[in-house]
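To start, the structure itself, in structure tokens.
Just so we're on the same page: letters track the sequence lines, and every chain starts at 1.
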Amino acid sequence: MPELPEVEIATRNLRAWATGRRLVSLEATRGTAYVFRPAGAASLARSVVGATFRSFERRGKQMLVRLERDREPVGLLAHLGMTGKWLRRRAGEPAPRFSRARLALDDGHVLHFVDLRLFGRLRAIPGARFDEVAEVASLGADPLVDGIDAGRLAAAFRRSRLPVKVRMMDQAILPGVGNIMAGEACFRAGIDPRRRGPSLRPAEVARLAGAVVDAMKDAIAREQGPEIAYVEEGGENPFLVYDRAGERCPRCRKARIARLVQAGRSTYRCPRCQR
DNA sequence: ACCCGTGTTCGCTG
DNA sequence: TCAGCGAACACGGG
């Protein structure tokens, strides 16, 4: 699931499902301790059970949940990892496959934190002081909430010789950008993902910044709609180049999309359109 | 059987 | 000191 668009949708869903609701109980599935690192599921439950959900905010791929118990704020920091998602079920319904935590609400619903690969995280933040948490404090400006400052992005590219596509996934530079969005943005901007950061001209950086926002907005709009998420049952691949090795480029319709590996991750590019 | 994977972190190296 | 790299984390799907 999770890059910025999926986390944005998850945040909107939870906002609609749980704002103003009281958390009745939190149960973890046996053997999933590290989802609740470092303090464990019991500690998380002690911190948040009985509290009322007040707000849900996304920053990059992090979800910041604010609750309140006895007038005291308490935070919940949630990250979906590679395969995480939030699903809502009625109490008593069978848990979805790979449900790792169940958060029962006072309206008869249960929120399931579902995560096949177990790279996701749920963690209590005392006093909801998120800015004291390194994973949050280190994030750059959010591309959707704050917009992308092309000048700052250009400065960041100048600072390292990493390939642009790899550099874009640095959460301190473009929080929320992951492997798919980075590759899609390079394609949309017509930029070869192997280019070194310092080689980009200001106009190219500006194009890339716009492409990141466009790719994310398109992905969010799609997931708002009726379509099933990619990798879910029978979902059509909604991306322009991601996972399309060997197919014709959707832009030039001539060259075929090539797959390459950068920093251990797959990148897809059109050899003709991306220079 | 074997390879792959929408993310992050840690240890090693030059 | 630090940027960059590869492995590790864990597990199912193709």
Interatomic distance where [atom1] belongs to [X] and [atom2] belongs to [N] [whole Å]:
X	N	atom1	atom2	answer
A:Phe98	C:dA10	CZ	C1'	12 Å
A:Leu162	C:dG6	CG	P	12 Å
A:Arg167	C:dA3	CZ	P	9 Å
A:Met82	B:dG5	CE	P	9 Å
A:Glu3	B:dG5	CD	P	14 Å
A:Leu116	C:dG13	CG	C1'	9 Å
A:Glu135	B:dT8	CD	P	10 Å
A:Met169	B:dT9	CE	C1'	15 Å

Compare side-chain N and O positions of [X] against OP1 and OP2 of [N] and report whether any pair is under 4.0 Å apart.
X	N	value
A:Thr83	B:dT6	no
A:Ser160	C:dG4	yes
A:Arg265	B:dG5	no
A:Lys61	B:dT8	yes
A:His79	B:dG7	no

Any base atoms under 4.0 Å from [X], or only sugar-phosphate, or nothing? Heavy atoms, all strands.
X	value
A:Arg37	nothing
A:Arg121	nothing
A:Gly178	sugar-phosphate
A:Arg259	sugar-phosphate

Scan side-chain atoms only and decide if [X] and [Y] contain a donor-acceptor pair under the 3.5 Å cut-off.
X	Y	answer
A:Glu68	A:Thr52	no
A:Arg15	A:Thr19	no
A:Ser266	A:Arg259	yes
A:Arg102	A:Thr29	yes

How do A:Gln171 and A:Arg117 order along DNA chain B: which one's closest nucleotide is nearer the 5' end?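 The answer here is A:Arg117.
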Describe, in one word, how the ring planes of A:Phe56 and A:Phe53 are oriented to each other, choosing from parallel (under 30°), tilted (30 to 60°) and perpendicular (over 60°).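 Parallel.
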Near-parallel close stack of A:Phe119 and C:dA10 base (under 5.5 Å, under 30°):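 A:Phe119 ring does not meet the centre or angle cut-off for C:dA10; no stack.
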Centroid distance under 5.5 Å and plane angle under 30°, A:Tyr242 vs B:dT6: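 The base of B:dT6 is not stacked with A:Tyr242 (the test needs centres under 5.5 Å and planes under 30°).
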Would you say A:Gln274's side chain and A:Ile191's backbone share a donor-acceptor pair under 3.5 angstrom?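 Here the side-chain-to-backbone pair exists.
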Please give the nucleotide sitting opposite B:dT6 as a Watson-Crick or G-U wobble pair, both distances under 3.5 Å, or none.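 Its partner is none (no Watson-Crick or G-U wobble pair with both distances under 3.5 Å).
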Does C:dA10 pair with anything, Watson-Crick or G-U wobble, both distances under 3.5 Å, and if so, with which nucleotide?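 Result: none.
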If the [atom1] atom of [N] is compared with that of [M], how far apart are they to the nearest Å?
N	M	atom1	value
B:dG11	C:dA10	P	15 Å
B:dC3	C:dA7	P	13 Å
B:dT6	C:dG4	C1'	23 Å

Which nucleotide in the list [options] gets nearest to the side chain of [X]?
X	options	value
A:Asn179	B:dT6, C:dA10, B:dT8	B:dT6
A:Pro2	B:dT6, B:dG5, B:dT8	B:dT6
A:Leu118	B:dG5, C:dA10, C:dG13	C:dA10

If the test is side-chain contact (heavy atoms from CB on, under 4.5 Å), which one of A:Asp142, A:Leu174, A:Val177 qualifies with A:Leu4?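 Of the listed options, the one satisfying the test is A:Asp142.
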